[in-house]
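These notes concern the structure reproduced below.
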Number of protein chains: 2
Amino acid sequence: MNISRASDYAIRGLVYMAKQPAGTVCYVKDIAKNTNSPASFMSKIFQTLAKSGIIDSFIGTKGGFTFNARPEDITIKKVVEIIDGPIVLNRCVVNKSSCQNAGNCDVHFMWADIQKMLTKALSSYSIADFATDKKGNMLPEAVQ
Amino acid sequence: MNISRASDYAIRGLVYMAKQPAGTVCYVKDIAKNTNSPASFMSKIFQTLAKSGIIDSFIGTKGGFTFNARPEDITIKKVVEIIDGPIVLNRCVVNKSSCQNAGNCDVHFMWADIQKMLTKALSSYSIADFATDKKGNMLPEAVQ
DNA sequence: CTAAATAAGATATGAATTATCTTTATTATT
DNA sequence: AATAATAAAGATAATTCATATCTTATTTAG
Ligand code: SF4
Ligand code: SF4
């Protein structure tokens, strides 16, 4: 019941990118240094982010990464799902038929409710929300 | 970002127990059969639940498990934490000093908020809530 | 054309999850 | 009392996942 280190790094790496002037090409080395994360691992993570399409990658000298989507359109839910895979609190919540008990399970409805609440919360924040130095006061109201 | 199979089994096993007349001694074999879960795995899980103190165990013929707490006092959060360990969405949310970035991290507050919401939701349901056959209508109002 | 810089891809390690197998304790039966 | 049956406790195993590092390929600069 937690996000991975990789997702934490990914989010903060993207926030770092979003803080740079629009269009800046960012290197993993810089991103890693500025987010206090292992560069080699970050490299792998940004490779995955690039494959997903939310950022573009350029190989070779003067290569690096740029946004391919507006930071305000990249939700935290999206980033976590790219890195950790779909958010599925319990196997039944996305695909009811994935559990043969789902038809007469007392508990199913709870997981479905909590899943909805969680994904709603994660969708309510975007990378752009954290890309200001005015810490805290740019955050959306805490979801109940 | 999910609960383990073990927690799912534990919750449903305890719900099955709560459906029996108060004081009934339940066997893993029965619990497993009635919850459609692997008995050997369930045995391990109930061993852990017993160690936590929420149920009592009796070894040998006519042994088994009984509640040592009222089902209405056993929250889903408690069960998940016994089986999966503490719910910690991101390392900073419980112990801020566990991350050296926490002092100037833009994202920390989001995780703290979502953690609070999630644990509140998981605490709002108890085993007793699911121990009726009137499916669904005994559930607490979905937390926002 | 060579060297440097950079991401992409392959490989490795350790921990966690998901179990099963074996042992021990208790009770019932002979 | 000895033995067999029953049930949980404890030990072990297989697989998957998280968290990386190491090597290769690509591009640009000099
Ligand atoms: S909560 Fe019920 S429906 Fe969902 S996975 Fe568990 S048993 Fe299946
Ligand atoms: S969100 Fe910020 S404070 Fe929390 S673990 Fe990640 S870097 Fe540390």
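Letters go in sequence order (proteins before strands), and every chain restarts at 1.
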Min side-chain heavy-atom separation A/N2-B/N90 under 4.5 Å: no
Exercise: identify the closest heavy-atom pair between B/L122 and B/T75: O-CB, 4.1 Å
ring-ring contact (aromatic ring centres under 6.0 Å, His included): pairs with one or both residues in residues 17-45 of chain A, sequence neighbours excluded: A/Y9-A/F41
Protein-nucleic acid N or O pairs under 3.5 Å, nucleotides 2-5 of chain C:
{"from": "C/dA4", "atom 1": "N3", "to": "A/T61", "atom 2": "OG1", "distance (Å)": "3.2"}
{"from": "C/dA5", "atom 1": "O4'", "to": "A/T61", "atom 2": "OG1", "distance (Å)": "3.4"}
{"from": "C/dA5", "atom 1": "N3", "to": "A/T61", "atom 2": "N", "distance (Å)": "3.4"}
{"from": "C/dA5", "atom 1": "N3", "to": "A/T61", "atom 2": "OG1", "distance (Å)": "3.3"}

Touch class at under 4.0 angstrom, heavy-atom based, for A/F46 against every strand present: nothing
First encountered from the 5' end of DNA chain D, between B/F65 and A/S43: B/F65
A/T24 (side chain) donor-acceptor with A/Q20 (main chain) under 3.5 angstrom: no
Pairs involving residues 43-67 of chain A, ordered by first then second residue, that meet side-chain hydrogen bond (donor to acceptor under 3.5 Å, both in side chains) (sequence neighbours left out): none
Check: B/A121 main-chain N/O paired with B/S124 side-chain donor or acceptor under 3.5 Å: yes
Interatomic distance where CD belongs to A/Q47 and P belongs to C/dT6 [whole Å]: 17 Å
Within 6.0 Å of NZ in B/K33, more than 12 heavy atoms from elsewhere: no
Separation of C/dA8 P from A/I59 CD1 (nearest whole Å): 6 Å
Any side-chain heavy-atom pair of A/K78 and A/D73 under 4.5 Å: no
A/R5 with A/D84: basic N within carboxylate O range, under 4.0 Å: no
Salt bridge (charged side-chain N to carboxylate O under 4.0 Å, His left out) partners of B/R91, counting only residues at least two apart: none
Show each protein N/O and nucleotides 16-19 of chain C N/O combination with a separation under 3.5 Å, one pair to a line.
{"from": "C/dT18", "atom 1": "OP2", "to": "B/R5", "atom 2": "N", "distance (Å)": "3.2"}

Outermost nucleotides of DNA chain D that come under 4.0 Å of a non-hydrogen atom of chain B: D/dA5 to D/dA11
